[in-house]
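We count ligands from 1, going down the list as the structure has it; atoms in each ligand are counted the same way. Hydrogens, waters and symmetry mates play no part in the numbers below; they use all other heavy atoms, side chains included.
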Amino acid sequence: MPDELKNLTVLVSAGPTQERIDPVRFISNRSSGKQGFEIARAAEEAGAKVTLVSGPVNLKSPTGIKRVNVRTAAEMKSAVMSRIDKCDVFFAVAAVTDFRPRKLLEHKLKRPTDQINSELTIQLQTTDDIVQAVTAMHERPYVVGFAAETNDVIRNARDKLKRKNLDVIVVNDVSDPSIGFEGDENQVTVVFPESEQELKKQSKYKIAQQVIELVANALPRST
Ligand code: C5P
(Lines give C-alpha, C1' and ligand atoms only; values in the text may rest on other atoms or scores of the structure.)
Protein backbone atom coordinates (compact mmCIF):
# COMPACT_ATOMS: atom_id res chain seq x y z
CA MET A 1 0.00 0.00 0.00
CA PRO A 2 2.60 2.52 -1.01
CA ASP A 3 1.68 6.17 -0.62
CA GLU A 4 -2.06 5.71 -0.18
CA LEU A 5 -2.11 8.46 2.43
CA LYS A 6 0.69 10.55 0.93
CA ASN A 7 0.57 14.26 1.93
CA LEU A 8 -2.18 13.60 4.49
CA THR A 9 -2.02 14.39 8.20
CA VAL A 10 -3.39 11.64 10.39
CA LEU A 11 -4.24 11.70 14.09
CA VAL A 12 -4.71 8.44 16.00
CA SER A 13 -5.98 8.02 19.56
CA ALA A 14 -5.02 4.74 21.21
CA GLY A 15 -5.04 2.81 24.46
CA PRO A 16 -7.22 3.21 27.52
CA THR A 17 -7.56 6.26 29.71
CA GLN A 18 -7.20 6.19 33.48
CA GLU A 19 -9.54 8.16 35.72
CA ARG A 20 -8.12 8.76 39.16
CA ILE A 21 -10.05 7.86 42.32
CA ASP A 22 -7.36 8.78 44.83
CA PRO A 23 -3.55 9.13 44.67
CA VAL A 24 -3.05 5.37 44.11
CA ARG A 25 -6.25 4.09 42.48
CA PHE A 26 -7.97 4.60 39.16
CA ILE A 27 -10.76 3.31 36.87
CA SER A 28 -9.64 2.03 33.49
CA ASN A 29 -10.24 -0.81 31.02
CA ARG A 30 -8.43 -3.68 29.30
CA SER A 31 -7.32 -1.88 26.15
CA SER A 32 -3.67 -2.67 25.35
CA GLY A 33 -3.30 0.03 22.69
CA LYS A 34 -1.96 -2.53 20.16
CA GLN A 35 -4.54 -1.97 17.43
CA GLY A 36 -4.18 1.82 17.64
CA PHE A 37 -0.37 1.62 17.47
CA GLU A 38 -0.61 -0.63 14.40
CA ILE A 39 -3.00 1.84 12.74
CA ALA A 40 -0.44 4.60 13.39
CA ARG A 41 2.36 2.42 11.98
CA ALA A 42 0.39 1.42 8.87
CA ALA A 43 -0.69 5.05 8.25
CA GLU A 44 2.93 6.21 8.47
CA GLU A 45 3.99 3.47 6.06
CA ALA A 46 1.23 4.61 3.70
CA GLY A 47 2.88 8.04 3.55
CA ALA A 48 0.92 10.03 6.15
CA LYS A 49 2.32 12.42 8.72
CA VAL A 50 1.10 10.74 11.91
CA THR A 51 0.54 11.90 15.47
CA LEU A 52 -0.42 9.27 18.03
CA VAL A 53 -2.20 10.39 21.20
CA SER A 54 -1.78 7.49 23.57
CA GLY A 55 -3.19 6.60 26.96
CA PRO A 56 -1.03 4.61 29.40
CA VAL A 57 0.23 1.52 27.53
CA ASN A 58 3.26 -0.71 27.52
CA LEU A 59 4.25 -0.32 23.87
CA LYS A 60 7.13 1.15 21.90
CA SER A 61 6.25 3.92 19.46
CA PRO A 62 6.27 2.97 15.79
CA THR A 63 9.14 4.71 13.98
CA GLY A 64 8.53 8.01 12.27
CA ILE A 65 5.50 9.10 14.24
CA LYS A 66 5.03 11.82 16.84
CA ARG A 67 3.67 10.46 20.13
CA VAL A 68 1.82 12.43 22.78
CA ASN A 69 1.24 10.63 26.09
CA VAL A 70 -1.88 11.33 28.13
CA ARG A 71 -3.54 9.71 31.12
CA THR A 72 -7.13 10.89 31.54
CA ALA A 73 -10.03 11.31 29.08
CA ALA A 74 -9.88 15.07 29.64
CA GLU A 75 -6.16 15.12 28.76
CA MET A 76 -6.81 12.97 25.69
CA LYS A 77 -9.60 15.31 24.59
CA SER A 78 -7.42 18.41 24.83
CA ALA A 79 -4.49 16.66 23.07
CA VAL A 80 -6.84 15.66 20.23
CA MET A 81 -8.74 18.96 19.96
CA SER A 82 -5.56 21.05 19.88
CA ARG A 83 -4.33 19.08 16.83
CA ILE A 84 -7.57 18.38 14.98
CA ASP A 85 -7.57 21.50 12.78
CA LYS A 86 -4.49 20.33 10.91
CA CYS A 87 -5.71 16.77 10.55
CA ASP A 88 -7.22 15.13 7.44
CA VAL A 89 -8.15 11.77 8.97
CA PHE A 90 -8.81 10.98 12.65
CA PHE A 91 -8.71 7.33 13.77
CA ALA A 92 -10.41 7.17 17.18
CA VAL A 93 -9.06 3.81 18.33
CA ALA A 94 -8.79 4.70 22.02
CA ALA A 95 -10.97 2.93 24.56
CA VAL A 96 -11.79 6.11 26.43
CA THR A 97 -13.01 5.29 29.95
CA ASP A 98 -16.68 6.22 30.04
CA PHE A 99 -16.92 7.27 33.69
CA ARG A 100 -14.74 9.17 36.09
CA PRO A 101 -15.12 9.76 39.82
CA ARG A 102 -16.98 13.00 40.49
CA LYS A 103 -14.31 14.00 43.02
CA LEU A 104 -10.58 13.26 43.08
CA LEU A 105 -9.71 12.37 46.66
CA GLU A 106 -6.60 14.06 47.98
CA HIS A 107 -5.66 11.18 50.29
CA LYS A 108 -5.70 7.42 49.85
CA LEU A 109 -9.11 6.02 50.64
CA LYS A 110 -8.96 3.84 53.75
CA ARG A 111 -10.45 0.36 53.73
CA PRO A 112 -13.42 0.35 56.13
CA THR A 113 -12.41 -1.43 59.36
CA ASP A 114 -16.00 -1.97 60.31
CA GLN A 115 -17.17 -5.38 58.96
CA ILE A 116 -20.84 -4.41 59.05
CA ASN A 117 -20.39 -1.16 57.20
CA SER A 118 -18.24 -2.64 54.44
CA GLU A 119 -19.84 -0.95 51.45
CA LEU A 120 -18.39 2.03 49.72
CA THR A 121 -20.00 4.31 47.16
CA ILE A 122 -18.01 6.30 44.64
CA GLN A 123 -20.05 8.76 42.60
CA LEU A 124 -19.20 8.69 38.92
CA GLN A 125 -19.87 11.08 36.08
CA THR A 126 -19.51 10.47 32.35
CA THR A 127 -16.40 11.64 30.54
CA ASP A 128 -16.71 13.72 27.37
CA ASP A 129 -17.08 11.83 24.11
CA ILE A 130 -13.97 12.89 22.19
CA VAL A 131 -14.96 11.56 18.79
CA GLN A 132 -18.34 13.26 19.04
CA ALA A 133 -16.66 16.58 19.82
CA VAL A 134 -14.68 16.09 16.60
CA THR A 135 -17.64 15.12 14.39
CA ALA A 136 -19.64 18.09 15.72
CA MET A 137 -17.04 20.51 14.30
CA HIS A 138 -18.08 22.71 11.39
CA GLU A 139 -14.99 21.80 9.42
CA ARG A 140 -14.10 18.29 10.39
CA PRO A 141 -11.64 15.65 9.27
CA TYR A 142 -12.71 12.23 7.92
CA VAL A 143 -13.45 10.29 11.11
CA VAL A 144 -12.95 6.55 11.67
CA GLY A 145 -14.44 5.20 14.90
CA PHE A 146 -13.68 1.85 16.52
CA ALA A 147 -16.02 -0.19 18.68
CA ALA A 148 -15.83 -3.34 20.74
CA GLU A 149 -19.18 -5.08 21.03
CA THR A 150 -20.32 -8.24 22.78
CA ASN A 151 -23.73 -8.72 21.11
CA ASP A 152 -25.69 -7.55 18.06
CA VAL A 153 -22.31 -6.45 16.78
CA ILE A 154 -23.23 -4.99 13.40
CA ARG A 155 -26.52 -3.44 14.56
CA ASN A 156 -24.81 -1.72 17.50
CA ALA A 157 -22.00 -0.56 15.22
CA ARG A 158 -24.47 0.95 12.75
CA ASP A 159 -26.27 2.73 15.62
CA LYS A 160 -22.94 4.16 16.77
CA LEU A 161 -21.96 5.17 13.25
CA LYS A 162 -25.14 7.27 13.03
CA ARG A 163 -25.28 8.56 16.60
CA LYS A 164 -21.65 9.69 16.60
CA ASN A 165 -21.85 10.95 13.01
CA LEU A 166 -18.80 8.89 11.97
CA ASP A 167 -17.71 8.29 8.37
CA VAL A 168 -16.87 4.65 9.10
CA ILE A 169 -16.70 2.37 12.13
CA VAL A 170 -14.43 -0.64 12.65
CA VAL A 171 -16.08 -3.12 14.97
CA ASN A 172 -14.87 -6.25 16.71
CA ASP A 173 -16.72 -8.88 18.69
CA VAL A 174 -15.02 -9.01 22.09
CA SER A 175 -17.17 -11.90 23.30
CA ASP A 176 -14.59 -14.06 21.44
CA PRO A 177 -11.63 -14.20 23.87
CA SER A 178 -9.09 -14.95 21.11
CA ILE A 179 -9.44 -11.52 19.50
CA GLY A 180 -9.41 -7.89 20.53
CA PHE A 181 -8.08 -6.42 23.79
CA GLU A 182 -4.63 -7.73 24.80
CA GLY A 183 -4.21 -10.23 21.93
CA ASP A 184 -2.00 -9.81 18.85
CA GLU A 185 -4.77 -10.81 16.46
CA ASN A 186 -8.05 -9.24 15.60
CA GLN A 187 -11.07 -9.90 13.44
CA VAL A 188 -13.18 -6.92 12.48
CA THR A 189 -15.93 -5.65 10.23
CA VAL A 190 -15.42 -2.27 8.61
CA VAL A 191 -18.86 -0.66 8.50
CA PHE A 192 -19.52 2.19 6.05
CA PRO A 193 -22.93 3.90 5.78
CA GLU A 194 -23.79 1.96 2.61
CA SER A 195 -21.66 -1.17 2.82
CA GLU A 196 -19.56 -3.35 5.08
CA GLN A 197 -16.44 -5.43 4.71
CA GLU A 198 -15.40 -8.32 6.96
CA LEU A 199 -11.68 -8.73 7.58
CA LYS A 200 -10.69 -12.24 8.60
CA LYS A 201 -8.80 -13.06 11.79
CA GLN A 202 -5.17 -11.97 11.38
CA SER A 203 -2.49 -9.88 13.06
CA LYS A 204 -3.47 -6.41 14.25
CA TYR A 205 -0.84 -5.03 11.86
CA LYS A 206 -2.45 -6.73 8.82
CA ILE A 207 -5.87 -5.54 9.99
CA ALA A 208 -4.45 -2.02 10.24
CA GLN A 209 -3.05 -2.18 6.69
CA GLN A 210 -6.41 -3.25 5.30
CA VAL A 211 -8.34 -0.64 7.27
CA ILE A 212 -5.96 2.02 5.91
CA GLU A 213 -6.51 0.75 2.37
CA LEU A 214 -10.32 0.78 2.71
CA VAL A 215 -10.28 4.24 4.28
CA ALA A 216 -7.89 5.61 1.64
CA ASN A 217 -10.27 4.40 -1.09
CA ALA A 218 -13.27 5.95 0.67
CA LEU A 219 -11.74 9.41 1.25
CA PRO A 220 -13.31 12.29 -0.63
CA ARG A 221 -10.97 13.27 -3.47
CA SER A 222 -10.36 16.77 -2.14
CA THR A 223 -9.01 15.46 1.22
O1 C5P B 1 -16.94 3.42 23.78
P2 C5P B 1 -17.67 3.45 22.46
O3 C5P B 1 -18.05 2.09 21.95
O4 C5P B 1 -18.80 4.44 22.44
O5 C5P B 1 -16.55 3.97 21.44
C6 C5P B 1 -16.82 4.14 20.08
C7 C5P B 1 -15.91 5.21 19.53
O8 C5P B 1 -16.04 6.41 20.27
C9 C5P B 1 -14.42 4.87 19.53
O10 C5P B 1 -13.90 5.34 18.31
C11 C5P B 1 -13.87 5.65 20.73
O12 C5P B 1 -12.51 6.02 20.55
C13 C5P B 1 -14.78 6.87 20.74
N14 C5P B 1 -14.98 7.44 22.09
C15 C5P B 1 -14.46 8.70 22.37
N16 C5P B 1 -14.68 9.27 23.62
C17 C5P B 1 -15.38 8.61 24.56
C18 C5P B 1 -15.91 7.32 24.29
C19 C5P B 1 -15.68 6.76 23.04
O20 C5P B 1 -13.80 9.31 21.52
N21 C5P B 1 -15.56 9.18 25.75
| request: Check each protein residue for a heavy atom under 4.0 Å from ligand 1 and list those that pass, ordered by chain and number. | output: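 Residues A92, A94, V96, D98, T127, D128, D129, I130, V131, G145, F146, K160, K164 each place a heavy atom under 4.0 Å from ligand 1, listed by chain and number.
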| request: Step through the shown structure and confirm whether more than 12 heavy atoms of other residues, nucleotides or ligands are within 6.0 Å of NZ on K164. | output: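 Buried by this count: over 12 neighbours within 6.0 Å.
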| query | Does R158 use its side chain to pair, donor to acceptor, with the backbone of F192 at less than 3.5 Å? | reply |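 A pair under 3.5 Å: yes.
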| In chain order, what residues pass the salt bridge (charged side-chain N to carboxylate O under 4.0 Å, His left out) check against R102, with sequence neighbours excluded? |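 Checked R102 against salt bridge (charged side-chain N to carboxylate O under 4.0 Å, His left out); zero matches.
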| query | What residues join V68 in its hydrophobic cluster, counting side-chain heavy atom gaps under 4.5 Å, either direct or through other members? | reply |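 Traced through the cluster, V68 reaches L11, V53, V70, M76, V80, M81, I84, F90, V96, I130, V131, V134, M137, V143, V153, I154, L161, L166, I169, V171, V191.
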| field | Verdict with supporting geometry, N186 and Q35, side chain to side chain donor-acceptor pair (under 3.5 Å) | value | CA-CA 8 Å; N186 211 352; Q35 188 63 75; 3.0 Å; yes
Return all side-chain donor-acceptor pairs below 3.5 angstrom for residues 55-65, not counting sequence neighbours, or 'none' if the list is empty.
{"from": "S61", "atom 1": "OG", "to": "R67", "atom 2": "NH1", "distance (Å)": "3.1"}

